[in-house]
Amino acid sequence: MVIKNLENKIKLVAIVCSVFLAGCVVISMTSIWTARNMVVDAQKKIYVLDGTVPILVERTTMDETLDVEAKSHIERFHHLFFTLAPDDKYIKYTMDKAMYLVDETGLAQYNTLKEKGFYNNIMGTSAVFSIYCDSINFDPQKMEFRYYGRQRIERRTSILTRELVTAGQLKRVPRTDNNPHGLLIVNWRTLLNKDIEQKTKNNY
């Protein structure tokens, strides 16, 4: 009888210990999961100081902002590449900046224009080139884009407007100071570059 009672007590202690251990494991796992979620949520939130007032902002992943960043990258490259002034230092500065945003296809176009004397002609005629973006079509699945813009070329006696269409793909690269979007234009090519309007300037 004593032995039977002892066995029952041992079983009871084992059951109690097992339940207690299982409870500890459940509580521990729940605590770890809750703490992890709190850390992840905290990392998504950033405070930015507006003067002395902290403003809560949330971090986003690149996938969430890809469309905006891609179009901004494409527009910035075209602005740097096609905005030209009759100043060799300015041209070199903008081209150096643009080459960080494109692969060797952009460098090849730059070298071709340079060899043809295109940039020397700009300085010789005091022409000013500016670019206006009409639209950018971007496919985030294929990472392909098509850029539509108008280029304005102002010379001493005339103003020429050209229609410009280019295309290419984007690939992701590490973000740097020279490439803040972390994207690189590859296989870049000009599909259309034609005159659409020419006006004679009035010289008084």
Side-chain angles (χ1 to χ4, degrees), residues 62 65-140 142-204:
M62 188 173 183
T65 59
L66 178 61
D67 187 70
V68 174
E69 291 201 62
K71 289 180 179 179
S72 176
H73 182 90
I74 295 163
E75 185 170 1
R76 175 170 168 74
F77 166 74
H78 284 80
H79 174 77
L80 289 169
F81 196 89
F82 290 103
T83 300
L84 304 167
D87 183 327
D88 57 342
K89 290 183 179 180
Y90 176 79
I91 292 172
K92 185 178 184 307
Y93 172 79
T94 57
M95 288 302 154
D96 287 345
K97 288 286 187 183
M99 291 306 111
Y100 286 110
L101 310 180
V102 68
D103 70 348
E104 64 276 4
T105 54
L107 180 61
Q109 288 206 35
Y110 169 64
N111 287 334
T112 299
L113 292 171
K114 192 174 181 180
E115 289 170 5
K116 290 181 177 179
F118 175 73
Y119 300 106
N120 289 332
N121 183 57
I122 290 175
M123 289 181 283
T125 59
S126 297
V128 178
F129 288 65
S130 51
I131 188 80
Y132 302 91
C133 177
D134 290 326
S135 64
I136 299 172
N137 290 342
F138 175 64
D139 183 347
K142 297 180 180 179
M143 294 291 281
E144 296 177 346
F145 73 87
R146 187 164 290 196
Y147 174 94
Y148 299 88
R150 287 169 293 121
Q151 190 173 35
R152 184 177 185 271
I153 305 170
E154 183 174 353
R155 296 188 174 92
R156 290 191 184 96
T157 59
S158 65
I159 298 174
L160 174 65
T161 303
R162 298 179 64 85
E163 182 181 1
L164 178 69
V165 180
T166 68
Q169 290 88 41
L170 291 176
K171 76 173 183 178
R172 299 187 184 190
V173 295
R175 294 177 191 263
T176 65
D177 290 340
N178 292 311
N179 189 344
H181 295 295
L183 296 167
L184 188 72
I185 296 172
V186 298
N187 193 25
W188 181 61
R189 57 207 181 276
T190 300
L191 303 179
L192 179 67
N193 189 7
K194 70 173 185 178
D195 298 350
I196 56 175
E197 184 181 26
Q198 183 164 2
K199 294 181 180 178
T200 302
K201 293 173 69 175
N202 294 322
N203 297 317
Y204 297 101

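Rounding to the nearest 0.5 angstrom, the gap separating the OH atom in Y132 from the NE2 atom in H79 is 10.5 Å. Interatomic distance, D195 CG to T161 OG1, rounded to the nearest 0.5 Å: 9.0 Å. To the nearest 0.5 angstrom, S135 atom OG is 9.0 Å from Y147 atom OH. The line from OH of Y100 to CG of N178 is 4.5 Å long, rounded to the nearest 0.5 Å. Rounded to the nearest 0.5 angstrom, Y110 OH and M99 CE are separated by 7.5 Å. Taken from CG in L80 to CD1 in I91, the straight-line distance is 13.0 Å, to the nearest 0.5 Å.
Judged by distance alone, with hydrogens and angles left aside, the side-chain atoms of R146 form no donor-acceptor pair with the main-chain N or O of A167 at under 3.5 Å. Panel note: side chain R152, backbone R150; no donor-acceptor pair is recorded below 3.5 Å.
Looking at D88 and K92, no side-chain N of the basic residue comes within less than 4.0 Å of a carboxylate O on the acidic one, giving no salt bridge.
Across all non-hydrogen atoms, the minimal contact from L170 to I185 is CD2-CG1, 3.5 Å. Considering every non-hydrogen atom in both H78 and I131, the closest pair reads O-CG2, 3.8 Å. Among all heavy-atom pairs drawn from E144 and Q169, the shortest one is CG-CG, 3.6 Å. Closest heavy-atom contact between E197 and L160: O-CD1, 3.3 Å. Between A127 and R155, the closest heavy-atom pair is CB-CG, 4.0 Å. Looking at every heavy atom in both residues, V173 comes nearest to N179 through CG2-ND2, 3.7 Å.
Within a 6.0 Å radius of OH in Y119, more than 12 heavy atoms belonging to other residues, nucleotides or ligands are found.
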Give the intermediate values and the outcome of side-chain contact (heavy atoms from CB on, under 4.5 Å) for residues V102 and L107.
CA-CA 8 Å; V102 68; L107 180 61; over 6 Å; no
Please assess L66 against M143 for the test side-chain contact (heavy atoms from CB on, under 4.5 Å), listing each intermediate value before the final yes or no.
CA-CA 10 Å; L66 178 61; M143 294 291 281; 3.9 Å; yes
Would you sort out whether V68 and H181 count as a side-chain contact (heavy atoms from CB on, under 4.5 Å), showing the intermediate values?
CA-CA 10 Å; V68 174; H181 295 295; over 6 Å; no
Would you check, one step at a time, whether the test side-chain contact (heavy atoms from CB on, under 4.5 Å) holds for T94 with T83?
CA-CA 8 Å; T94 57; T83 300; over 6 Å; no
Set out, in order, the CA-CA distance, both residues' side-chain angles and the distance that settles ring pair (Phe, Tyr, Trp, His ring centres under 6.0 Å) for F118 and F129, then state yes or no.
CA-CA 12 Å; F118 175 73; F129 288 65; 5.6 Å; yes
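Taking the side chain as every heavy atom from C-beta outward, L192 and Y148 never approach each other to under 4.5 Å. Residues Q109 and T105 are not in side-chain contact: their nearest non-hydrogen atoms beyond the backbone lie 4.5 Å or more apart. At least one side-chain heavy atom of T166 sits less than 4.5 Å from a side-chain heavy atom of F145. You'll find the side chain of L84 reaches within 4.5 Å of the side chain of M95, heavy atoms only.
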